[in-house]
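This report refers to the structure that appears directly beneath it.
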Amino acid sequence: MRGDILGLERRRRWSDEEKLGIVLSVGVEGTTVTQVAQRHEVTRQQLYAWRHELKKKGLLSRRPCSCRWN
């Protein structure tokens with residue numbers, strides 16, 4: 001099997017503000033983690049990692065919310 005390289009793939013960089021906006025969009029109008037991940041072309045696992053990172057930095061509240069993180 002041969003793989004063709006179609007273009008240069010670059011690693012995207014997300015600012016804390018961008019990550020926070022994306023993470024906070026989970027649960028808005030019933031949006032799920034999966035839907036938000038698909039919309040931003042990242043994995044669900046990436047969103048969970050961002051949420052953990054933002055909490056650790058004190059940029060996201062540690063209190064439970066009623067959003068769809070399960």
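In what follows, every heavy atom counts, from backbone to side chain, and hydrogens, waters and symmetry copies are set aside.
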Quick one: does [X]'s side chain get under 4.5 Å of [Y]'s, heavy atoms only?
X: Tyr48; Y: Thr43; value: no
X: Leu59; Y: Glu53; value: no
X: Leu20; Y: Leu60; value: yes
X: His40; Y: Gln46; value: no

Minimal heavy-atom distance between Lys55 and Ser61, with the atoms involved, is CE-O, 3.8 Å
All heavy atoms of Lys19 vs all of Trp14, minimum pair found to be CE-O, 3.4 Å
Practice problem: Start with the C-alpha gap between Val26 and Thr31, add the side-chain angles, then the distance that decides, and say whether side chain to side chain contact (heavy atoms under 4.5 Å, CB included) holds. | Solution: CA-CA 5 Å; Val26 174; Thr31 314; over 6 Å; no
Is the backbone N or O of Thr32 less than 3.5 Å from a side-chain atom of Gln35, with the two atoms forming a donor-acceptor pair by type? yes
